[in-house]
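See structure below.
One-based numbering along the sequence shown.
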Amino acid sequence: MGAYIVETKKLQHNLTILKEKAKTATIWGVVKGNGYGLGAADLALVLRNEGINHFAVTAISEARALREAGLTTEPILMLRATSNREELEEMTDLQLICTIGAIADAEALENICREKETTVQAHVKLDTGMGRFGFLTGETETVASLYRDYPHIHITGIYTHFHSGSNPEVTETQFRTFSQEIASLKAMGIDVGMVHCCNSLAFWNFPHMHLDGVRLGSCLLGRVGYGRRAGLQSVGYGLTQVEALKTLPKGHNVGYSRGCRLKRESRVAVVGIGYIHGFSVERGYDVFRLRDCLRSMARYLKYLLKRRRLTVEVNGHTCPVLGHVGMVNMVVDVTDIPCALHDPVKVQINPLDLKELDIRYEP
């Protein structure tokens, strides 16, 4: 049975780099997507042990898991705005910091807190171009009313989200819009609380935008485009074993659809991980602009020209995958390396694609 091994030492290494770059800005450890596939609570506990004590989630189940794991007093920011009564009641019970992105959110939350005779913290979300949750530019007076007119809601922060953290011109425009809104609120005598706007990509590219806090998720795992240049390390891998060994003659087919026909007699290993576990899974494209389609075609052409092959690591040796990856296994060429039944096999898998594998945190 396979597993996904999270290398805690590499996660600690990444945190050292990120904390040094963040300087005095508060780091919000983002554990959305069930901790980017690694378990929200397990990942948060490692982060807390490394001095990170602010967290952000997008699902109530993630927040509940953190509280049940012992993170009972740490601030947890819900990054998703809602006016749903059932959700807001549970957020209040879990003592989360709610996000308010519309007046309907504030009114629903105020009513619940009044009934419960309690107060709750919240951050205001500004939409500077993402087009999802948040108040639009020019709704300054409405935003100011959140600080003044809702006695059961304590606004302790305000933030926005960048949509193109690698594009300096676009991101600077969003940042200026955000900064102007903050300045307008402060001119009205509003104490806006913690101001934050950077996700992982913007955090690295625009240090002057760190402000009071930064929201870091994917860079914790080292799974960002700039990661290697920055010294970040990928923190995990799939681990399985050789389940079968056999020698196949030259010309023999391997896998579905005759995806591979051997050019030589080959010793092959059957490995117990396949696409159901998340290996070699590609997400579909959901944008339809001409330039995006052309970029996608260019990537595929580059892949074809380079003939880049899928590989795994058997006994420390890089070995090519033969043919198509199956649902629960794949075939690997081990002709030129020492290999025996049950030898360990390391497989690179994006943790967001993980399924059917136990997750183990190891030193």
Side-chain angles (χ1 to χ4, degrees), residues 1-11 14 31-44 46 58-59 61-62 65 217-218 220-224 227 232-246 253-260 266-286 299-300 303 308-334 337 339-363:
M1 182 64 181
Y4 191 86
I5 309 301
V6 182
E7 298 170 283
T8 304
K9 186 174 295 185
K10 290 186 177 181
L11 182 55
N14 291 346
V31 293
K32 67 180 182 179
N34 190 28
Y36 290 83
L38 301 183
D42 291 332
L43 179 57
V46 174
T58 55
S61 58
E62 295 160 354
S218 55
L220 297 171
L221 281 57
R223 304 195 71 88
V224 284
L232 302 179
Q233 299 176 357
S234 180
V235 302
Y237 57 88
L239 180 64
T240 185
Q241 63 180 10
V242 173
E243 295 186 341
L245 281 168
K246 63 195 305 184
N253 177 70
V254 178
Y256 287 112
S257 303
R258 303 176 71 185
C260 172
S266 303
R267 190 166 186 245
V268 302
V270 180
V271 173
I273 278 182
Y275 66 75
I276 192 63
H277 305 110
F279 180 66
S280 189
V281 173
E282 184 174 3
R283 295 180 179 83
Y285 293 102
D286 59 355
R299 280 195 294 268
Y300 279 119
Y303 178 87
R308 190 173 300 159
R309 304 185 68 177
L310 293 174
T311 61
V312 300
E313 186 179 304
V314 182
N315 286 332
H317 299 274
T318 299
C319 299
V321 175
L322 299 174
H324 296 294
V325 176
M327 177 180 282
V328 296
N329 54 46
M330 67 183 105
V331 177
V332 177
D333 187 346
V334 294
I337 70 164
C339 182
L341 283 174
H342 313 304
D343 279 351
V345 181
K346 289 185 177 182
V347 182
Q348 292 302 315
I349 301 175
N350 187 331
L352 283 173
D353 299 324
L354 281 176
K355 288 192 297 184
E356 308 294 329
L357 291 178
D358 295 331
I359 299 172
R360 299 206 308 257
Y361 279 72
E362 295 185 357

Task: Residue pair L310, M330: steps toward the side-chain contact (heavy atoms from CB on, under 4.5 Å) verdict - done: CA-CA 11 Å; L310 293 174; M330 67 183 105; over 6 Å; no
- [ ] Assess whether side-chain contact (heavy atoms from CB on, under 4.5 Å) is satisfied between L245 and V334, documenting all intermediate values.
- [x] CA-CA 9 Å; L245 281 168; V334 294; 4.0 Å; yes
TODO: Run the numbers on N14 and L221 for side-chain contact (heavy atoms from CB on, under 4.5 Å), then give the verdict.
DONE: CA-CA 7 Å; N14 291 346; L221 281 57; 5.8 Å; no
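A heavy-atom distance below 4.5 Å is found between the side chains of I349 and L357. Using a 4.5 Å cut-off on side-chain heavy atoms (C-beta onward), R309 and L322 make contact. Side-chain contact between V235 and L38 is present, with at least one heavy-atom pair separated by less than 4.5 Å.
Of all non-hydrogen atoms in G39 and I359, the two that sit nearest each other are N-CD1, 4.5 Å. Residue L239 comes nearest to P344 through the heavy atom pair CD1-CB, 4.3 Å, listed as atom of the first residue, atom of the second, then distance. Of all the heavy atoms in Q348 and S234, the pair that sits closest is OE1-OG, 4.3 Å. Across all their heavy atoms, T58 and K32 have their closest contact at OG1-CB, 3.4 Å. Closest of all the heavy-atom pairs between A65 and A41 is O-CB, 3.7 Å. The two residues R360 and A3 make their nearest non-hydrogen contact at NH1-CB, 3.5 Å.
The structure places CD1 of I273 at 8.5 Å from CZ of F279, a figure rounded to the nearest 0.5 Å. The distance from atom CG of L43 to atom CG of L11, rounded to the nearest 0.5 Å, is 6.0 Å. Remark: Y4 OH to K355 NZ distance equals 16.0 Å, nearest 0.5 Å. The line from NZ of K246 to CZ of R267 is 13.0 Å long, rounded to the nearest 0.5 Å. Taken from CG in N315 to NZ in K346, the straight-line distance is 11.0 Å, to the nearest 0.5 Å.
Put simply, the residue from S280, C260, S257 that forms a side chain to side chain contact (heavy atoms under 4.5 Å, CB included) with H324 is S257.
Qualifying salt bridge (Lys or Arg N to Asp or Glu O under 4.0 Å) partners for K10, counting only residues two or more places apart in sequence or in other chains: E7. For D343, the salt bridge (Lys or Arg N to Asp or Glu O under 4.0 Å) criterion is met by no residue, not counting sequence neighbours.
With hydrogens and angles ignored, the 3.5 Å screen pairs a side-chain donor or acceptor of H277 with a backbone N or O of G274. The closest donor-acceptor contact from the side chain of R223 to the backbone of L352 lies at 3.5 Å or more, if one exists at all. Of the possible polar contacts, none joining the T311 side chain to the C319 backbone as a donor-acceptor pair under 3.5 Å is found.
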